[in-house]
Amino acid sequence: MDNWQNPLQKIDDYRWRLPKSYMAGMRVPGIIYAEERLLEAVMRDKALKQVANAAFLPGIVRYSLAMPDIHWGYGLPIGGVVATDIEEGGVITPGGVGFDINCGVRLLKTDLMEKDVKSRIRELVNTLYNDVPAGVGSEGKIRVSPEEEKKILTKGAAWAVGKGYGTKEDLENTEEKGCMEGADPSIVSDRAYQRGKRQSGTLGSGNHFIEVQVIDEIYDTGTARVFNLEKGQITVMIHSGSRGFGYQICDEYSRDMGRALTKYGIAVPDRQLACAPVKSPEGQAYIASMKCAANYAWNNRQCLMHLVREVFEKVFKKSFKDLGMDLIYDVAHNIAKFERYDIDGKNRLLCVHRKGATRAFGPGHPDLPERYKEIGQPVIIPGDMGRNSFLLVGTQKAEETFYSTCHGAGRLLSRTAAISACRGRSIAKELEEKGILVLASGKGVLAEEAPEAYKNVTDVVHVVHGAGISKRVTRMRPLCVIKG
Amino acid sequence: MKRYEQIPHTADIALRVYGKDLRELFINAAYGMFDVIADLEGLESSVSIDINLEAPSKEELLVSWLDELLYNFYTKGIIFFEFDVNFFNEIQLVAKAHGRHVGQNRNRLKTEIKAATFHDLSIREAKEGLSTDIVFDV
């Protein structure tokens, strides 16, 4: 690692400071959560510059933060966390949320053990593949009228539950109870409706997936018991977002915010970080639209979970309740939230952008459901399709990151590099040899998403655990995966 | 002259697009985008749409153009691969995009592009005409 210029100052084994002197115009320093061996990957692309770019945002407090799964995105890096003080001209930027607004993950448990599913894995993956719409522009089986579409935007996951696609407990165990207040469907463009219609209950493409897993390691028995989880138990993870609806909203506001930069005299080094003060009409319009997309996504994941439960019912000939298919939790990892923090001795309302980062409230936080008050918020970290995923919980110490932690493995190779590394190989076969069945609808998706294209999620989780901003509870190993 | 090439980008897809003038650059950018989305080889066009756009700068116009095509791909289910583009000036265009309905061609679909981004976007002079790097969120 001698041949690269390292501008980072070591704070401790898990924290690195990017000083303000790195780039003129940074309002605050950056802090990167990583171990030394992960830094090389960070330095290789433009992610560090993006951490610095984000430090230009008006009203930013403390630091421009990056989680250990940081990599080059657009606007904010993936793994970026930025909080702005609303009363101090703090801004909101669509580039700090991303196109897939409220992309997120949910984890549900089952009472099945590995031995119960071992001989059924192929049937399970085939049925998931047939019954859950996935792939480019896929359309849903759940039909929604235009009037109903608006209700989804204000009610979120509660819409699906109201239609019988889930239970009240599901909502309790979803971040924000599956609905952000203040969503305003009347300002949503007809184009966003057009792109979002027929997509409720669809997985999408790229890195979105449904994975059946087995718990192969318990790190914290006491906390695992609160989740009713033990070694050998089967879990299901669902990763998806707001589909075309959210993409269209981000697209429109990214464009509009360009004008806001001039209007409010804001200078940012990357046009994709175009922003407006939270309190401005432009900021408020984006927020009300972003919340619609967030609610769309929660409803989508609720619908997807319903389809997954139906698949299990079909395969195992038991109701999902008898199969113990309870939702552990659902997290958003592309979103902006309004949360209160003590900044310089004053309690301030901040706009916390988490782009490829997961909220991680510690024990006792008032926004946690009763059953998780003592253990902290569940944090769900998927790995690549060939390696492990993790369940963690938030900690008090995570206050230093505005209660934020990593969101996944983080890419290591570009898609082109992954495809050329996989040329002539069958990724599906390689995974099958490891006992993992994979079905994907898109051509080339398996090569793009090959395990080696990602950092090892175990290393990423090691950092957030070591830094104390979340705590490992269980590790899961994939048995079968469907990809879009 | 190469129409476009994929350049490495860790999380998303980035294209370096070439064109002898703005018209060709826009056409090649659109072709490159759909080449990422679907297998275009041997497809013959059977349907067209009209597009009229105006934007504050040529870069903004390029993003609008690509996003307009994406919007039509997702809502009308048309894969586009032939384009007639005419500029009034650098920030205003009238175009016809030709393509084919996804219909029977579903198995040609490869990658879902969410949007074209403004990340580090600038249209610059190249050896033979113009070139630009575009990052797509996928």
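Here the structure is a predicted model, which means the values were calculated and not measured. Numbered from 1 within each chain, the chains take letters A, B, ... in sequence-line order.
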Shortest non-hydrogen separation from D137(B) to D100(A) and the atoms involved
OD2-N, 4.4 Å

Between A55(B) and chain A, which part of the residue has a heavy atom less than 4.5 Å away: side chain, backbone, both or neither?
neither

Locate the shortest heavy-atom distance separating P8(B) from W72(A); write the atom from each residue and the value.
O-CZ3, 3.7 Å

Nearest heavy-atom contact between F99(A) and A116(B) is CZ-O, 4.0 Å

So what's closer than 4.5 Å to chain B heavy atoms on K46(A): side chain, backbone, both or neither?
side chain

Non-hydrogen atoms of chain B under 4.5 Å away: do they reach the side chain of R44(A), the backbone, both or neither?
neither

What part of N107(B) lies closer than 4.5 angstrom to a heavy atom of chain A: side chain, backbone, both or neither?
backbone

If you measure from the Lys or Arg side-chain nitrogens to the Asp or Glu carboxylate oxygens, is any gap between E68(B) and R191(A) under 4.0 Å?
yes

Over all atoms of both residues, closest heavy-atom pair of I13(B) and R415(A):
CG1-CD, 3.7 Å

For H119(B) against D270(A), the heavy-atom pair lying closest together
ND1-OD2, 2.7 Å

Is it the backbone or the side chain of L412(A) that comes under 4.5 Å from a heavy atom of chain B, or both, or neither?
backbone

From the list R255(A), R271(A), R259(A), salt bridge (charged side-chain N to carboxylate O under 4.0 Å, His left out) partner of E60(B) resolves to R271(A)

Are Y74(A) and D12(B) linked by a side-chain donor-acceptor pair shorter than 3.5 Å?
no

Got a salt bridge between D251(A) and K114(B), using NZ or NE/NH1/NH2 to carboxylate O under 4.0 Å?
no

Exam field: side chain Q272(A) to backbone F118(B), donor-acceptor pair closer than 3.5 Å
yes

Check whether Y71(B) forms a cation-pi arrangement with R195(A) (NZ or CZ under 6.0 Å from the six-membered ring centre, at most 45° off the ring normal).
no

Can you name the closest pair of heavy atoms from T75(B) and R198(A) and give their distance?
O-NH2, 4.4 Å

Apply side-chain contact (heavy atoms from CB on, under 4.5 Å) to E112(B) and Y247(A), showing your working.
CA-CA 11 Å; E112(B) 182 170 80; Y247(A) 314 161; 3.4 Å; yes

Which region of I78(A), side chain (C-beta onward) or backbone (N, CA, C, O), has a non-hydrogen atom less than 4.5 Å from a non-hydrogen atom of chain B, or is it both or neither?
side chain

Any chance you could measure T10(B), atom OG1, to I70(A), atom CD1, to the nearest 0.5 Å?
10.5 Å

Using a 4.5 Å cut-off on heavy atoms from C-beta on, say whether the side chain of T111(B) contacts that of E448(A).
yes

